[in-house]
Structure formats: C-alpha cells, structure tokens
Amino acid sequence: MYTQKVMDHFTNPRNVGEIENASGVGTVGNAKCGDIMRIYLDIDDNGIINDVKFKTFGCGAAVATSSMATELVKGKSVNEALKVTNKAVMEALDGLPPVKVHCSLLAEEAIHAALWDYAEKKGIQIEGLEKPKSDIHEGEEQIEY
Amino acid sequence: MYTQKVMDHFTNPRNVGEIENASGVGTVGNAKCGDIMRIYLDIDDNGIINDVKFKTFGCGAAVATSSMATELVKGKSVNEALKVTNKAVMEALDGLPPVKVHCSLLAEEAIHAALWDYAEKKGIQIEGLEKPKSDIHEGEEQIEY
Amino acid sequence: MENKIYLDNAATTKTRPEVVEAMLPYFTELYGNPSSVYEFANQNKKAVDEARKIIANALGADISEIYFTAGGSESDNWALKAAVDAYADKGNHIITSKIEHHAILHTCEYLEKHGVEVTYVDVDENGIIKLDQLEKAIRPTTILISVMFANNEIGTIQPIKEIGEIAKKHKIPFHTDAVQAFGHLDINVNDLGIDMLSASAHKLNGPKGIGFLYIRKGIKIRSLIHGGGQERQRRAGTENVPGIVGFGKAVELAMATMKERTEKEIKLRNLLMKRVLEEVPFVRVNGDKVKRLPNNVNFSFQFIEGESLLIMLDMNRICASSGSACTSGSLDPSHVLLAIGLPHEIAHGSLRLTLSEENTEEEINYTVDKIKEIVDKLRKMSPLYED
Amino acid sequence: MENKIYLDNAATTKTRPEVVEAMLPYFTELYGNPSSVYEFANQNKKAVDEARKIIANALGADISEIYFTAGGSESDNWALKAAVDAYADKGNHIITSKIEHHAILHTCEYLEKHGVEVTYVDVDENGIIKLDQLEKAIRPTTILISVMFANNEIGTIQPIKEIGEIAKKHKIPFHTDAVQAFGHLDINVNDLGIDMLSASAHKLNGPKGIGFLYIRKGIKIRSLIHGGGQERQRRAGTENVPGIVGFGKAVELAMATMKERTEKEIKLRNLLMKRVLEEVPFVRVNGDKVKRLPNNVNFSFQFIEGESLLIMLDMNRICASSGSACTSGSLDPSHVLLAIGLPHEIAHGSLRLTLSEENTEEEINYTVDKIKEIVDKLRKMSPLYED
Ligand SMILES: Cc1ncc(COP(=O)(O)O)c(C=O)c1O
Ligand SMILES: Cc1ncc(COP(=O)(O)O)c(C=O)c1O
Ligand code: FES
Ligand code: FES
C-alpha cells in the first residue's frame, strides 16, 4: 500500500521530538480522520530554519509526511519553507495512495501554522502566508447506494 | 431423480403398441407440459381386460407410468381397472419426484378415457366412471418474485 | 463416472486443471482478506488486481470497469436493477429480447411488478433480434437496452454492434448478457458500443460461483449487495480470492486458445449436424446456421419428447440437455424455441448438444449413432408418429 | 510469507486442508451442473444435499430452510430486502442495532432512501443491545428485527434468546447476522427463536464466496437474485458446488471441534488480555468480558493511532486489524467503538486481535512483547501523550 520511501520514513522517522522555546509551534488536526500533527521550528535571525521537530498522532502516511516535511524545510529560509507544499512532500515520498492524500495536507498546514506562530511572536508578516485553519477537511466522493 | 422401478419401466416399457379394433381407445393430453398418452384396451365379453397397449409422447415418468398402468390393469375386470388410480401407479413405481406427479395423472386419465370409449361403443354405463377431461391441468405453487 | 461423453458445456464446463492449480495457494497459504492492511494480504490484493487486468484486457476495458460478482445471474440482476435505480429520474422503460436467459427475464418480471415497463422485442426464425422493432420500441423514458450476446439454447449470436449503435444514437446505456459468449467469441466493448456486460467463469472452464459485471466509466451505478467497501464500494462481500484468481487464469487460457479451440469445435459441430440431418428424418436445426456459437447444436426431433431422449442418451453415457439446465424441473417448453416460432410439441422434442475441444470425432460419431437408435425407439412409442 | 503470526481470524480464516480436499473433485471430475438431468450431475446434486444437511443439522433446522448464497453480505442484503418486499402490506419499519456490520447498516441506509423506516437501537458500554429500548421501538408497522449474533469488532455476544422472545411475543420475524458466531458458538434456531440467519463459510475455515441464509418455514420470502430455478426457485445462479461442498465440510469440522477449539482459544485470549492489561498503561479492553466470542480481543491504546500500530505489528510479522477489514480504506473511526461510548481519538487507537486454535502461547507472548515496544515508540511520537 505504501511506497518504500513512505515505509522508510514511517519506520525511522526523522526529527521526532520537541524543541524547547521554539521560534514557532504549529498544531493542526484533521476533522475527517481525527489525526493531529505538531511541528516545532527553530529559526535563526537570518530567517533560516536551523532545526525542526514534530510529533504526530496519525496514520502511517501522516508520520511519513511529517518526517519528510521536516527534512524538506530544515536549513531552508522561511520563504523557501513556504513553498514546501503537500505535493512536494508526496513527490519526495514517491506518492501516497489516493485515500491518504489528505494526510499530506496535514504536514503542509502544520508547517504553515508553525510559521504563522513564529510571525506572530516576532510581530512580522510573512508574504503569502495565510492564517492556517486548525481543521483540515477535504471533500470526498460521496457514494450513492 | 427416478427410482429404479421407474427407470426399468422407462427403459423396457411393457405393452407398447397399438391394438387394432380395440374395445376402447383413450387419448389424453396434458396442457401443462404438452405431453400425450394413448391407451388401447381389449376387453372380452366378461368385462375382463385381456390386452392393453399404449403409446406415449412424454417424459420418462409418463412412459413409466403408462407402462406400469398397463401392467396393473391387464387381466383385471373393468371395475377393478377403475380403481387403478395414479397413486396406485406411483406406489407401484416406488414414487415419483414431486414435479412429476402430474404425469401419473395422465395414465389414470388415459385408462378412464379408454374405458369411457369402450362404454360408449358398447352403449353401457360404467358405475363410477366420469367423462374424462381431455386436458389435465394441475395447479402449481406460484412463485412470487 | 469415467468415459462419459460430455456434451453440455453450455450448462457448465470442467474447470481446467491449470485453473485449479492457480487457485490452490489462495485457500490454505495466501488466505488473507484483500482488504487488510498487512503485507500478507497484499499478495491477495495483487492476485485480484492481476485477474482484473487479464479480464479488462480481454474486453478492451479498463481495470476500474470490472466488478466481480458471484456469477452471471448476479451480474444480470445487478445491471438491470442498478440501471432502474440510477436512471429513475430519466424514465422507467427497459428494452430487452424475448429470448433472454431467465436471469434477465425473471428480473424484468420482478421489475414490472415494481412499476418498470419492459418491452420484449421479437426475434426472427433464427433467433436474431428484430433491429427495426428494437429501435421503434425506444421511448424518451427508455433507460436501458439489454440484449444477450449469444443465446444459451440455440447459440444464435446477436448483432451486438448494430444494437450498440442504436443505443449510442439514442444515448441509452446498453447491457449485454455475454455469459455464453465471453471466452468463446472476440469481444471488444469499445468497438461494439457495450456499456455493461455480464459474464460467468464456469462457462469458460473457470470455477463456479464467480462472475463479473463490466460497467463502462460514466455509466451511473448503484450497488446490489450493500456493505463493506469492496469492489470500489460497489459490491460488498469479502472477495472470493481463489474464485477471482481462477477466473483470471481461465480467461487467460480461453483467450490464448480461442482460435484453435473454436476451429476444432466448429469442425466437430459441423460433423454432428451433417450426420444427424442426413441420417435422421423429421429433424431440424434450431438457431442461425452462421451466426452461431462455435460449440452449439440444437435439434428438434419431431414426435418425441426431450426428457425421454435425454434419459436414454444418459443411459448411453452421453450428457446432453433439452433447453437450459437451470430451467429443468420446469415443464414449460423453452421460451426461446417458442419465440423462434416452433409449435409447442416440436419445441418439446429439442436436444441441445454443446461441445468442447476435449470432444473427439469418435465421440461425436458414437453420439449420432445413439441418437438415431433412440429417436427411432421413442418414435415407435409415440402416438404422434404414425398419426 | 511463512512464519507470520495470524491474529485476524475475524477478517477471514485459512481454509482447512480437509476442506480443500473435499472440494477438489468438484472442479475437474464432478464438474456437472446440479440442475442437469443426467446421472453425472446427480453426484453434484447429492453433494449439495449432503452439505445442506450438515448445515441444517448444525442449526437444528430443516434442509429445506437453508439457501446458499455468495456470502454473508448477500445473505444480509437478502434477508432485509426480501422482508421489506414480502411484508410491505404489514408495514415498513425495521429495528436493528447501532453496531451491526456494514452489510446490515448500509442496506438499511439504502432501504431508508426507498421509504423504509429504521430504528437503530443503542448498546451499552459493553456493546450489549438495550432490550427495553428494542421492545419500546416496536410499532404496529414493524416487519423485521435484525440484530447480530456476535459483533465482528468487539466480539460481544447479544442476548439472542431474549430478542427472539420479544420478536415472538410481538409476532415479528427475527433475523440475526451470525457471520461471526456460526461455527464458533452453539446455535439452535428453534431454542433461540431465530427466523432468519446469515452465515459465511470463510469465517469458519471454509472457502470464500459462499454463505447461506437460513429462512424458517412460514417466513414470507422474495428472491434477491432472480433467474433460474436453483435453491427452490429462491436464489438463481448455477450452484457453486465446490464452495457448497467446502462449506459443508467446514461446518462438519467446526461442529466436531468446537468445544476443544474454543477452550484453547479462550485460554490464549485470556493470556493475551491479562498480559497487556498488566504490562501496558493507558489501555482498555472493549466489549463484554464474559459474553464474548472465544477468539476476540479488542484493545484501545490511548494516545496512539490504529494504522500506525498495525503497520508496525506487520513489520514484526503480526497480522492484526483495527476495526473490521472491510472498512479499511475508510478513515472514520469504528461506528461500533463510538456506539459503546469511546471518544473519537481513543476509538482511533484500537486494535483487534482474533485468534485461532493454530496460535501458540509463544506467538501470543511474542505479540504482547511487540505491542509493548510499539505502543511505547508511537506514544513517544504522539503530541497527545505528554499533553
Ligand atoms: C458480522 C458480519 N456480517 C457480515 C459479514 C460479511 O460477510 P462476507 O464478507 O462473507 O460477505 C462479515 C464479515 O465480513 C461480518 O463480520
Ligand atoms: C445466457 C446466460 N445468462 C446467465 C446465466 C447465469 O449464469 P450463472 O448460472 O453463472 O449465474 C447463464 C447460465 O446459466 C446463461 O447461459
Ligand atoms: S488518515 Fe489521518 S492523517 Fe492519515
Ligand atoms: S412432464 Fe409431461 S407427462 Fe411428465
């Protein structure tokens, strides 16, 4: 069901944990499946993401996308991090089953939420960043009986 | 599906054929299944059935009941022959499958028809013998969909 | 019972040993439920996908258009009932033919009791549907045309492409019961304009109890069996994995051997027809002489009745049929033979022989000899013969 | 994949080798269609009758009351839809429970869209139906009560006898989905007042794709699959002879081994529950502790999510399930766990382990060790754990 890359990141997730006094923390949940993801960012004065950690209550895809997303933003600037979309994460993982696409949205949104928190704490505005929803709900095809 | 006795009478039917100038001939058909049976009786002056022959266009049960019915009436008096019911024929054959019960009615009716013909030719009345229907139609359980 | 002569392949076929071989691991080793997440069940999922692919390829369809069922009857019921449900807003009229299998006809009867209107189009004396009558029967409320690919009794092959064109022209979904045709004739659902197609594995040397319904993408569907999310949420029930795998294998073999196999069947069939027509008086062949399933022969012998004939053939080790197997126990003469215009008593004396590539010339010759003997014997017993 | 630990016997079971052995002749040797008249097919007819007899005996039913289907889902669909059709003149109200299998619940949803009214009775925190609520739900228009015998997720066994009595008192037909119970628990339809009962062979070491519906004499029925005259004209489709024979054999073996087998399962199950409850914090057992299927364990581990747990168990060769197999792919938490009152996030962390007599103590101990490790690892990853 999952690609080898997904399984690798699921089994050996990178960057699990917390960052004390993080520059930004974002927590998002998915109303559809009840899963929750939290991302901690440590951002230096040049706006570079020095460190990133996550905690996830969720399915295999949620864990793997969290892990991959943290890898993808680590060392990047805030603006570069903004461009890490769920599509980019999925591609980096060699894809996800259709029913699991929404899990990757969780990762994107969690990063955005953490960046939003960072911006609020710093009192700055990050161009292109909208206030993240705390609940993600994606439409699903409704089966008629 | 059929008992050994049925198979025996079907494979080696007794009394197949015709009787020229028979004392009585009866032909009956079954509207339900389209089958036809004809019985020829040779009845002597004492009212004893000396000889009997049949021809049947019908299923295995029809052939076997014809055969058995001719055996049962052969040598009997007209009144005894009247008592050869379809039940008696079936019993003598060790039974018929439920869907084939109507075939044995054909034999009973064909004998009755031949006796009726005999009585008409002789200008006599046989007690207990009703004018036979030429068509036999038995009610069947109707399945509701 | 060895050394029987099996001439009833339209009723059911022998499951090929290779098919059984392919199924076996899925009983006791790879017995997982394909809906499970663990690796062990993944192998089942793959096996099911593989079978689906073989079948889709055989039809020129997409794998997402093949839905496994428990057989031809379920597929037929599903196609009709689902269409009635899904297209209720458009209308409530179905067009079918007079010579469909009971899985279609009795479903239509059921639907008629529930407010659906059904037109049963006539066939000609060879059993070919009257296309002009079919087209004229179309109404604004017509939601489905269902005509069988090839008839199970007389083997007549319908003008499916023409029906597909009529259906397309009037934008009406077209279903075909291809239970007798699939694996025996070339079928491409796109070339023929077929929107739904029923098939059953046991008619092509696959196992009993497994079939499929092809449903073209875009056709509205509803479920017949509700429950778990199997078959793209459209047909509930734990997948019959061994059955599906066996079906896939049977289709693979049927497609690979089709040309050679049907050529052999046609040769045997023609021998059988030729000899009987030449050597037995008062006999006719039912069904079209050319547009005919390779393995089907259907005779009517005047003055005799089918069951007697069958039993006597059976006593000579010959397995044959009179009308379709699933209606035996019924006393009515075949609705198919009546539809092609046979009178009641001739319809009663019909004999269906359906061959397989395993039959030999010797068997066919033996069968003809026996038919001659038996027909003669039964006619001597028949009150109709000398009349 | 050898040396896996299979703990998902509620999803499906291994077909017993003896069962496969019994089926084999009916593929390639005795492949005839039981509806045919010749002797060759007679052997199939007899084999089908024999299986029917075994099953009828197991239930205390008459052979004429057993109708073969393609599985539990078809049986459930049939029971409900047929009752709605047949008793339409009496009413249009069905009573069922909140924790039925989707084969019942989705059929009810479908029926509701077609004008049927359905009451879903609550269960208590152990998953046992509220009998007083059930009786109060009865209306003059109630035509069917359908309550499952034992739940597929949490294993809870329902008070079937009491429900049967209520149904009888109010003269309402009573159907039970016994897919998880048949072959695992003693069932006598007369003692328990059951009028219809669904079962599926692959849940008791029989083949997939074959089931039956028991219908008590006197209960009005309609067909679900229309067509040929099979199954006393009630369920069309060429009989799945190998499947039926396999089902018969599986039932024979299940009945013969029931006592010993379930004792063994209970012992293993208790070991599993005891160790996990003692050694893993923040865990609960779902379902009734006593009125429970012998082989079912269902845990909820707080702070972690089911799928992750399953995948990690799988990587340790352990096959388990979270909720029912046929709903995987669905993201919703189990309706059963919600119905017994678990909050959303705890329902998500549930694990179902369903044993067979083939499991060993060693396997169970290994599984518990792995569960401990994995739960610990996942909790360390969970944002809920230290909150
Ligand atoms: C309680 C219950 N009912 C019905 C079913 C459906 O049975 P099947 O998958 O054989 O159609 C199942 C199992 O999937 C079940 O556990
Ligand atoms: C034309 C046709 N349709 C449908 C069926 C039903 O198929 P099954 O018996 O596999 O349900 C058959 C065979 O019995 C058939 O010949
Ligand atoms: S299912 Fe919820 S995050 Fe994947
Ligand atoms: S079926 Fe007509 S006489 Fe037997």
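Just so you know, these numbers come straight off a predicted model, no measurement behind them.
Contact detail for D:Val20 and C:Thr28: the closest heavy-atom pair is CG2-CG2, 3.8 Å.
Between D:Tyr6 and C:Phe40, the ring planes lie perpendicular to each other; the angle is over 60°, past the 30° to 60° tilted range.
Residue D:Tyr38 holds its OH atom at 9.0 Å from CG of C:Asp314, rounded to the nearest 0.5 Å. Between C:Tyr26 atom OH and D:Lys208 atom NZ the span is 11.5 Å, to the nearest 0.5 Å. Rounding to the nearest 0.5 Å places CE of C:Met23 at 6.5 Å from CE of D:Met23. Between atom CG of residue C:Asn33 and atom NE2 of residue D:His202 there is a gap of 6.5 Å, rounded to the nearest 0.5 Å.
Top candidate by heavy-atom pairs under 4.5 Å with chain C, chosen from D:Gly72, D:Ala70, D:Ala41, D:Gly32, is D:Gly32. Comparing D:Val19, D:Val241, D:Thr13, D:Leu24 by heavy-atom pairs within less than 4.5 Å of chain C, the highest count is held by D:Thr13.
Of the atoms belonging to D:Leu224, heavy atoms from both backbone and side chain fall under 4.5 Å from chain C. If you measure heavy-atom distances from D:Arg16 to chain C, the contacts under 4.5 Å come from the backbone alone. Contacts of D:Ile225 with chain C are made by both backbone and side-chain atoms, with heavy-atom separations under 4.5 Å. Using a 4.5 Å cut-off between heavy atoms, D:Met315 does not touch chain C at all.
Residue-level contacts of residues 73-81 of chain D with chain C, in order of numbering, are D:Ser73, D:Glu74, D:Asn77, D:Lys81; threshold 4.5 Å between heavy atoms.
Using a 4.5 Å heavy-atom threshold, the side chains of D:Asp8 and C:Ser36 count as touching.
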